[in-house]
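We name chains A, B, ... by the order of the sequence lines, and we start the count at 1 in each one. All values reported here derive from a predicted model rather than from experimental measurement.
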Amino acid sequence: MYYPKILDYQDDIRSGYEGQGMGDGCFLCYTRFMNNREIAKLLREIAASYVILSEDRFRIIAYGRAADSIEKSTVEAEQLWKEGKLTSVPGIGGSLAAHLGELLKTGKVKHFEDIKSKIPEAVFPLLDIPGFGAKKAYRLVSELKLDNAKNAIKDLSAAAKSGKIASIEGFGNKSQQDILDALKRLKEGQVKENRMPLPYAGAIADDILSYLSKCEYTLQAEFLGSLRRRVATIGDIDIAVSTRNPKEVVDWFLAYPQKEKQVEKGTAGATILLKSGRQVDLRVQYPGRFGAMLQYFTGSKNHNIHLREVALKKRLSLSEYGMKALSKEAEMYKLTGASYSKKEKMFEFPDEKSLYRALDMQYIPPEMREDTGEIEAAGTNKLPDIIGLSDIKGELHIHSNYDLEPSHDLGISSLKEILTTAKSMNYEYVGISDHNPSVSKHTKEDVVHIMERRKHEFEHIMLSNKSIRVNLFIMMEIDILPDGKLALPEEAFNYIDAAVVSIHSGFTIGTGMMTKRVLSALSHPKAKILGHPTGRLLGKRPGYDLDWQQIFKFCFENNKAIEINSYPDRLDLPDSLVREAIKNRVKLVIDTDSHDKEHMSLMKYGVSVARRGWAKKDDILNTLPYNKVKDWLLKP
DNA sequence: GCCGTTTTCGGCCCGACTGTTTTCAGTCG
């Protein structure tokens, strides 16, 4: 199995990340900046309070849905509020928008405080414990008379250890032990987001998938869940197998060589823990019902909820097994590709295409299933034809091993190796974008000389490797300095065709300054691409903020492209911003930022980011043939 | 609470699992 190697980004980390949580000019603010995660938590506390108060269940659902939605939003609620666009978040209507406005303006909400005042404070910390909902938390707080929110977890733990919980009505020894286990996990931080970047999960899952395909009873094996939707970070790995012999497939799965231990085993599937500590769930299903299962476990949750609502309007109840007919009329439907089980009054779907067709929709690719308009679009035949891996004709951001004494890391593959790999991928061209020579270690003249030498050597290599027939752009990835200038002397630009410009230091200067800095760098006629535009490192660093509307406007008007960087820890531009960029008619390029020829195969992950951002082929410049890319890249 | 090619009022997704039950409530995905 091929695992992408992790490069040393220590430079980035040392110079950049100093934590976040405060907005610009926070010292002048009287109220603390409240981020989306904190707002979501507050909304969930209100939902929990309503549960305890036996408030209308649909109101409770509404608060929970709003919390999910706010947490997932890539734009901070504060920003949306300032722009008067809070109600653009699905699940936020007039009432919640007003409450959140009050929250962001004054730091509190009268209505929320009234509700929370009716609930013992100690309930809220307990909501973080796995397996705890509002009712259980409230019950225990009342029975055990926990009156101190700060010590609630500790007090609960003490009560469990002394055996007090088992004697409470409705609880027993098992639930007492479960609570102790859950508290242990909470303490160890296992509950907190422990997600890995998609390409790592993809590499693990590819190996399991190929192992499962070797089982003689496997008819079809697919990813499920966030992995199949190609979300940037993945928790558990979920896999589905279509088979007529479920038991044999489950046993085969349990014999996987990388298995550390078996967690669960049932007739419909099994769960194992890998030696790497990652959990893998397998689901098995008969071929006739495989489509419904695949659809159900691929999600997302919101997509499924919406889809079931559509089904209900046709008097069909959608579940992981198929669609149950709820009326005489529905029983008579003729659904192409589906079969009908009279006994269960259930339509069964061998594949997803027939399932979506049954609801009078276009097939929706997994990457788009987030309930952000795809269901409406598919119902009116307006789903965009999104880009595929085979549309890519080359890429423009690869690091070679040519030593021009850069301030960042060198690649390890030679130009010739890169060309050969590109050829094997059917690329028409590559752009070699090595890091610029270190500014501190050289004089201006040194740099110009190094650049001149590099150009000549590359041209020489091209001449002696004509038979490979892949075109070359001699490019450079240039640091954007804190003052917005580029870390390359003007004379040295004569020796490159074009540049990717990126930020590698000074990450915490605030949105306004950062935006100016980037726009200044992009103003250079040879600066054509903004590299890894948010600077995020998944799970390590959130990235800096830019005024995207300004950036998009500038890029559109000046023919600059924004990069989707496929490097495993980056996947940057993030999918939601890809969609925004496209709405603003900005062109994108998908690059791998390869430091090794092996990394070039990671292109598929950049493409999946583009697909999640609803990018069509003509939104992505490196789907163009060589001559057209050349026209754009070399035009001053 | 939200939301709208059946609606500005009257709807609002589906099923599995678990522990404690003796028919179900709570939690989860």
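- The pair A:Lys116-A:Glu121 does not count as a salt bridge, with every side-chain nitrogen at least 4.0 angstrom from each carboxylate oxygen.
- Across all strands shown, A:Asn304 has no heavy atoms under 4.0 Å from either base or sugar-phosphate atoms.
- A salt bridge links A:Asp251 and A:Lys247; the closest N-O separation between the charged side-chain nitrogens and carboxylate oxygens is under 4.0 Å.
- Checking the phosphate oxygens (OP1, OP2) of B:dG1, a side-chain nitrogen or oxygen of A:His111 falls inside 4.0 Å.
- The shortest distance between the side-chain N/O atoms of A:Lys174 and the OP1/OP2 oxygens of B:dG19 is below 4.0 Å.
- As judged by a 4.0 angstrom heavy-atom cut-off over every strand, A:Gly225 is placed among residues making no nucleic acid contact.
- In this structure, A:Arg57 atom CZ and B:dG10 atom P are separated by 18 Å, rounded to whole Å.
- Contact annotation: the side chain of A:Leu156 approaches that of A:Ile179 to within less than 4.5 Å [non-hydrogen atoms, C-beta and beyond].
- Nearest nucleotide to the side chain of A:Glu320, out of B:dA16, B:dC14, B:dT20: B:dA16.
- The closest side-chain heavy-atom distance from A:Tyr356 to A:Gln295 is below 4.5 Å.
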Per-nucleotide protein contact string for nucleotides 23-28 of chain B, where B marks a base within reach and S marks sugar-phosphate only (heavy atoms under 4.0 Å, - for neither): ---SSS

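- Contact annotation for A:Ile92: backbone-only contact, meaning every heavy-atom pair under 4.0 Å involves sugar-phosphate atoms and none involves a base.
- Within the nucleic acid shown, A:Leu312 comes within 4.0 Å of sugar-phosphate atoms alone, with no base atom in reach, counting heavy atoms only.
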Scan nucleotides 5-8 of chain B against the protein and return all N/O pairs shorter than 3.5 Å with their distances rounded to 0.1 Å.
none

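- To the nearest whole angstrom, the two C1' atoms, one in B:dT27 and one in B:dT20, are 14 Å apart.
- Atom-to-atom, CG of A:Asp56 to P of B:dC2 comes out at 12 Å; the value is rounded to the nearest Å.
- Taking atom CG of A:Leu318 as the reference point, atom P of B:dC12 lies 16 Å away to the nearest angstrom.
- Between B:dG19 and A:Ser175, no contact under 4.0 Å exists linking OP1 or OP2 to a side-chain N or O.
- With a 4.5 Å cut-off on side-chain heavy atoms, A:Lys616 and A:Asp619 count as touching.
- The interatomic distance linking A:Ile375 (CD1) with B:dC3 (P) rounds to 15 Å, in whole Å.
- Protein atom CD1 of A:Ile168 is 12 Å distant from nucleotide atom P of B:dT21, rounded to whole Å.
- Sequence order on DNA chain B of the closest nucleotides to A:Leu326 and A:Val89 puts A:Val89 first from the 5' end.
- In this structure, the nucleotide among B:dC2, B:dC14, B:dG19 sitting nearest to the side chain of A:Ser319 is B:dC14.
- If you check the side chains of A:His303 and A:Asp371, you find no donor sitting under 3.5 Å from an acceptor.
- For the pair A:Lys136 and A:Phe132, the cation-pi criterion (under 6.0 Å, within 45° of the ring axis) is fulfilled.
- Using a 4.0 Å cut-off between a side-chain N of Lys or Arg and a carboxylate O of Asp or Glu, A:Glu580 and A:Lys583 qualify as a salt bridge.
- A sub-4.0 Å separation between OP1 or OP2 of B:dG15 and a side-chain N or O of A:Tyr296 is absent.
- A:Leu316 places its CG atom 11 Å from the P atom of B:dC14, with the value rounded to the nearest Å.
- Under 3.5 Å, the side chains of A:Thr298 and A:Arg228 contain a donor-acceptor pair of N or O atoms.
- Side-chain proximity of A:Glu309 to the nucleotides B:dT20, B:dG15, B:dC12 is greatest for B:dC12.
- If you take CZ of A:Phe58 and P of B:dC3, they are 15 Å apart, rounded to a whole angstrom.
- Within the 4.0 angstrom heavy-atom criterion, only backbone atoms of the sugar-phosphate kind lie near A:Leu96; the bases stay farther away.
- Residue A:Asp68 contributes atom CG, which lies 11 Å from atom C1' of B:dG29 at whole-angstrom precision.
- In this structure B:dT8 sits in no base pair that meets the Watson-Crick or G-U test at under 3.5 Å.
- Residue pairs meeting the salt bridge (Lys or Arg N to Asp or Glu O under 4.0 Å) criterion with at least one member in residues 372-386 of chain A: none, sequence neighbours excluded.
- Both A:Asn173 and A:Lys324 lie close to DNA chain B; mapped to their nearest nucleotides by heavy-atom distance, the more 5′-ward contact belongs to A:Lys324.
- Relative ring orientation between A:Tyr63 and A:Tyr50 is described as perpendicular, the plane-to-plane angle rising above 60° on a 0-90° scale split at 30° and 60°.
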